[in-house]
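Single-structure report; data block below.
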2 protein chains.
Amino acid sequence: MRIGELSERTGTSRRLLRYYEEQGLIAAARGANGYRDYDERFVDRVLQIRGLLDAGLPTRIIKQILPCLDQPRTIYFRDATPEMIATLRRERDRMTGHIECLTRNRDAIAEYLDAVLDYDRAPAPDAV
Amino acid sequence: MRIGELSERTGTSRRLLRYYEEQGLIAAARGANGYRDYDERFVDRVLQIRGLLDAGLPTRIIKQILPCLDQPRTIYFRDATPEMIATLRRERDRMTGHIECLTRNRDAIAEYLDAVLDYDRAPAPDAV
DNA sequence: TTTGACCTTCACATCAATGTGAAGGTTCGA
DNA sequence: TCGAACCTTCACATTGATGTGAAGGTCAAA
């Protein structure tokens with residue numbers, strides 16, 4: 001598929017797809033005319049990149065850990081340098097902390113929202 | 001406390017603290033000499049801002065929902081406009097999706113890491 | 001009273017993620 | 001064969017979160 005279709009299927013602008021390629025996150029094949037040519041797997045790949053980006057990882061880290069996340073699972077032991085392992089550990093822990101923080105704040109928002117909605121349903125006479 | 005101390009206690013640069021104030025996220029009192037004067041509650045407040053920022057919320061949204069997250073819990077029913085409720089719902093759901101995505105990727109990284117560490121402990125002869 | 005460590009504002013710089021548009025090639029159907 | 005709808009690269013613009021530095025005020029201790 002060409003870039004337009006991938007763009008539509010992933011909700012990602014063409015510009016961004018080219019940017020991700022420029023950053024080394026994806027590598028499209030090229031047709032004889034120079035057009036990028038993507039296969040099915042790129043749909044998930046792009047969605048995954050968006051997710052990681054949204055999770056706050058910068059492209060340079062995503063580039064590092066993306067190969068580890070391939071489906072079907074392939075373990076690239078060659079890549080398992082001490083630095084790589086350290087990066088993975090660091091990101092895993094960072095993400096865990098991130099998840100906790102996010103969960104706390106999400107819960108606080110949800111709690112507040114529920115309280116407000118409860119109030120709307122049965123307002124107490126002495127509430128503000 | 002002055003900005004330097006708050007900066008150290010929150011691990012946030014003075015520049016950023018001023019920026020958050022400029023964005024309306026925090027409002028410091030001023031001493032006679034013009035210096036910002038923060039009380040204890042700002043420590044948690046700044047940490048919370050960092051958390052939300054790290055969660056991907058932009059400052060303009062944080063500004064909106066921050067009052068709802070105050071400890072001790074105070075429900076500002078006056079602020080419960082339909083728009084506010086919609087924003088809260090939207091952000092709550094966005095954050096939930098975010099948490100799920102993050103968790104999936106974190107687990108994938110953790111899984112890969114464990115596999116690599118297992119391999120290091122007892123390498124199979126036919127693995128790459 | 002001077003020095004150093006604070007603080008202030010202002011403003012320009014940077015970085016990543018994006019938008020946007022120009023200038024031009026390709027493909028395909030009317 | 002023409003036009004629409006793709007594609008290409010290049011490059012400048014913008015936005016949000018930050019860094020950095022200048023120019024200057026405040027304050028405490030030597």
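- Remark: C1' of D/dC7 and CG of A/Leu6 are 14 Å apart, rounded to the nearest angstrom.
- With C/dC7, D/dA11, D/dT18 as the choices, the nucleotide that has an atom nearest any side-chain atom of B/Arg2 turns out to be C/dC7.
- Rounded to an integer number of Å, the gap from CZ of A/Arg14 to P of D/dA5 is 12 Å.
- Of all nucleotides listed (D/dT20, C/dT18, D/dT9), C/dT18 comes nearest to the side chain of A/Leu16.
- In terms of phosphate contacts, B/Thr59 brings no side-chain nitrogen or oxygen within less than 4.0 Å of OP1 or OP2 of D/dG16.
- Looking at heavy atoms from C-beta onward, B/Arg50 lies in side-chain contact with B/Tyr20 at the 4.5 angstrom threshold.
- For the pair A/Tyr19 OH and C/dA17 C1', the interatomic distance rounds to 5 Å; values are reported in whole Å.
- Note on B/Arg30: only backbone sugar-phosphate atoms sit closer than 4.0 angstrom, heavy atoms only; bases stay farther off.
- B/Ser13 has no side-chain polar atom (N or O) that falls below the 4.0 Å cut-off from OP1 or OP2 of D/dT18.
- Rounded to a whole Å, the CZ atom of A/Arg36 is 18 Å from the P atom of C/dG25.
- Between A/Arg18 atom CZ and D/dC10 atom C1' there is a gap of 11 Å when expressed in whole angstrom units.
- The separation between B/Tyr20 atom OH and D/dG16 atom C1' is 11 Å, rounded to whole Å.
- If you take CD of A/Glu22 and C1' of D/dA11, they are 11 Å apart, rounded to a whole angstrom.
- In this structure, B/Asn33 places its CG atom 19 Å from P of D/dG24, rounding to the nearest Å.
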